[in-house]
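So you know, we letter chains A, B, ... as the sequences are listed, proteins then strands, and number each from 1.
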There are 2 protein chains.
Amino acid sequence: MSTIGEIARRAGVSRSTVSYVLSGNRPVAEETRRRIQAVIDETGYRPNASARALREGRTHTLGLVIPPAGDRLTGMQLDFVAAVVEAAARADLDVLLSPSGGDHERSFTRVVDGRRVDGVILMEVRLDDDRVTRLQRSDLPFVTIGRTAQPDGTAWVDADYENLVARCVDHLADLGHRHVALVNRSAERVAAGYGPARRALAGFTAAIAGRGLTGVDVCCGDDPAAGEACVEQLLAGAPEVTAIVTVNEAALPGMRRALDAAGLVVPRDFSVTGVAARQPAEDFRPPLTSAGVPVEEMGTQAVALLRERIARPAAPPGHRLYRPPISLRSSTGPAPRRVS
Amino acid sequence: MSTIGEIARRAGVSRSTVSYVLSGNRPVAEETRRRIQAVIDETGYRPNASARALREGRTHTLGLVIPPAGDRLTGMQLDFVAAVVEAAARADLDVLLSPSGGDHERSFTRVVDGRRVDGVILMEVRLDDDRVTRLQRSDLPFVTIGRTAQPDGTAWVDADYENLVARCVDHLADLGHRHVALVNRSAERVAAGYGPARRALAGFTAAIAGRGLTGVDVCCGDDPAAGEACVEQLLAGAPEVTAIVTVNEAALPGMRRALDAAGLVVPRDFSVTGVAARQPAEDFRPPLTSAGVPVEEMGTQAVALLRERIARPAAPPGHRLYRPPISLRSSTGPAPRRVS
DNA sequence: TTGTAAGCGTTATCAT
DNA sequence: ATGATAACGCTTACAA
């Protein structure tokens, strides 16, 4: 349990000199510097982070608010966490995880009100999100991944689901499809006002109307089994549909199985496209024509925006809306001729 | 930026009285208590966590050392993280994430040597793991998920891959299979001495010998594409094989595709079993007969063991080896008759 | 070039 | 029942 005083004693100097060797905030005679450094190396001394945080008013830690484990994290959410942690580590920042929602109110409160972190990254924000309101009141810098209905004045990164889904519909319309379905996220998320789900629906509806198509939209749980059930029902209830746009990557494997079971060959008999991270898109058979959300880039950017906000709280908050290109793979093709 | 002194001033009492209202460590007159509590509620005051940590010598934070994002986390790793975070939150503990390996040495050092946490949970330990050595030297309580070659004297939770794989082999042998393959984790992991991969292989080899079967073992990357390639090669190179045991849940979807492509119907023509979390097992078609690693339970238990270790560092470290039952689903059946 | 001392916000040990 | 005060380990004016 070595402290800076201990090091100072062993090196025969005062505590401040040791501190200055550590921080480099004032010149120290080379001779003394070396002697002190030797003691530091020998004892493996590291400054106590709590003491430093108390003194400096900075913790060098970011809070990352994640959805509770109840709703199993999707691959994309996981990738966000990984990207944020990596980017933070590159900036010598640690990441404190806080599950929010469910019965984890206390965790959120601790992180936000206890000055445990210098700033917060909020994942999975809803259009109307009380956590954002609380953060705004707390004067703690924060960045959201996803954005609320009124994002002005807050820092955020988001993928433009509305545009992305609309372009998927356009792509299908160009291929001659007239009856298109949207496989959205879960009904709970849509009901909760979850941004991507709501905006996907808005983009879908507008694009369908704009192109004079007929559309049907369905909600679907975030897992393969739900995807399978969902597409089964869809094929039974709306047999005129020849293509699906989906924003539910976790359901993809099950959707594939339902198509299989119906004897539909993709893309000859049926087209599938949507928004998905690269990995699930490439794992689809045939590989999914899709807009790839640049998760890694977004996580990195979220950390950058937050650092900026911490450094200059008075500056206007930055934001970034991502509109990645649709990667043409092999899951979309011309509309099949069908007896209608 | 309210402090305890501020609250004391507003309530017309001393700082200590406010502190005692908060901690309940000594009786406070009901009347004063109420007045103080009113001020606290009104201002939304929370004690500064750094100051408290400095004073108490405890941070109420656990470190969770995860593999770097480079090797994309598998679903099971993600589930461990989620389980640990949940269990910690239930105990009013926060979780500090630290990616280790790769070029993130500094993060590990900060967490371990900077007294930023009360204890550490280490994921993905190898049979010979220098992070364990460093932790042992640091006198910081820690628990590993997975165990080293010499786990005595350390606290850990682990699944008994050796036994689990052996029992899978037994199950196949009982069904009449004579030629069985093990689809292991990646070659890199096996080479790095990653526990589950090494122990799976040991269990496989022993069981194969014990039952007088012939076995072939192959390494496979942790993704569907690798699984597909791996099983393709296996079927081509060892056509006598009628069943697979796998510990690579991430490769499962690809393995399934390769079997499909070869025109093999599971379980009629070919059996598949192994060790996997519940979700990927149930998402396999047909549902996978497998030993389900009790990830949630293990994460919870890891936190419990760590709390115990923090509370009583002198007590002998606890551990727990999980040997879950094999859930019979639909992916295994009698060995097919084949011209051999 | 280096040392002294104040203070960050808390809690616990003394007094009163 | 409550208040004053020291101490946790660190950084940074201010002195020397």
Do Arg35(A) and Glu30(A) sit within salt-bridge range, that is, some charged N less than 4.0 Å from a carboxylate O? no

- Task: Taking only Lys NZ, Arg NE, NH1 and NH2, and the carboxylate oxygens of Asp or Glu, determine whether Arg131(B) and Asp129(B) approach each other closer than 4.0 Å.
- Result: yes

Side-chain contact check for Val28(B): nearest option of dT1(C), dT2(D), dC10(D) is dT2(D)

Arg46(B) atom CZ is separated from dT10(C) atom P, nearest whole Å, by 12 Å

_Short side-chain N/O contact from Arg52(A) to OP1 or OP2 of dT11(D), under 4.0 Å_ = yes

### Task
Take atom CD of Glu308(A) as the centre, draw a 6.0 Å sphere, and report whether it contains more than 12 heavy atoms from other residues, nucleotides or ligands.
yes

Checking dC8(D), dT10(C), dT2(C) against the side chain of Ile4(B) (C-beta onward), the nearest is dT10(C)

Looking at the base of dG3(C), is there any donor atom on it, or on the side chain of Arg26(A), that sits under 3.5 Å from an acceptor on the other one?
yes

Whole-Å distance, Asn48(A) CG to dC8(C) P, equals 18 Å

Does Gly12(B) reach a base, just sugar-phosphate, or nothing at all? Heavy atoms under 4.0 Å. sugar-phosphate

Testing dT1(C), dG3(C), dG3(D) for proximity to the side chain of Ser14(A), the answer is dG3(C)

Using a heavy-atom cut-off of 4.0 Å across all strands, would you classify Thr17(A) as base, sugar-phosphate, or nothing?
sugar-phosphate

Check every strand shown and say whether Thr32(B) touches a base, only sugar-phosphate, or nothing at a heavy-atom separation below 4.0 Å. sugar-phosphate

- Please check the phosphate of dT13(C) (OP1 and OP2 only) for any side-chain N or O of Tyr20(B) closer than 4.0 Å. no

Using OP1 and OP2 only, check whether a side-chain N or O of Asn25(A) sits under 4.0 Å from dT11(D).
no

Quick one: do Arg189(B) and Glu124(B) make a salt bridge, cutoff under 4.0 Å? yes

Arg15(B) CZ to dC8(C) C1', in whole Å, measures 11 Å

inquiry  = Any salt bridge linking Asp118(A) with Arg307(A)? Criterion: basic side-chain nitrogen under 4.0 Å from a carboxylate oxygen.
reply    = no

Review point. Quick one: do Arg320(A) and Asp158(A) make a salt bridge, cutoff under 4.0 Å?
Key: no

When rounded to whole Å, the CD to P distance for the pair Glu56(A) and dG7(C) reads 18 Å

| query | Is the base of dA5(C) touched by the side chain of Ser16(A) through a donor-acceptor pair closer than 3.5 angstrom? | reply | no

Quick one: is Thr3(B) getting a side-chain N or O under 4.0 Å of the dG9(C) phosphate, OP1 or OP2? no

Taken to the nearest whole Å, CD/Glu6(B) to P/dG9(C) is 11 Å

Q: Would you state whether a donor and an acceptor, one from the side chain of Ser50(B) and one from the base of dT10(C), lie under 3.5 Å apart?
A: no

Examine the base of dA12(C) for any acceptor or donor lying under 3.5 Å from a partner atom in the side chain of Arg55(B), and report the outcome as yes or no. no

Leu54(B) CG to dG7(C) P, in whole Å, measures 17 Å

Arg9(A) atom CZ is separated from dT2(C) atom P, nearest whole Å, by 19 Å

Asp113(B) CG to dG9(D) P, in whole Å, measures 16 Å

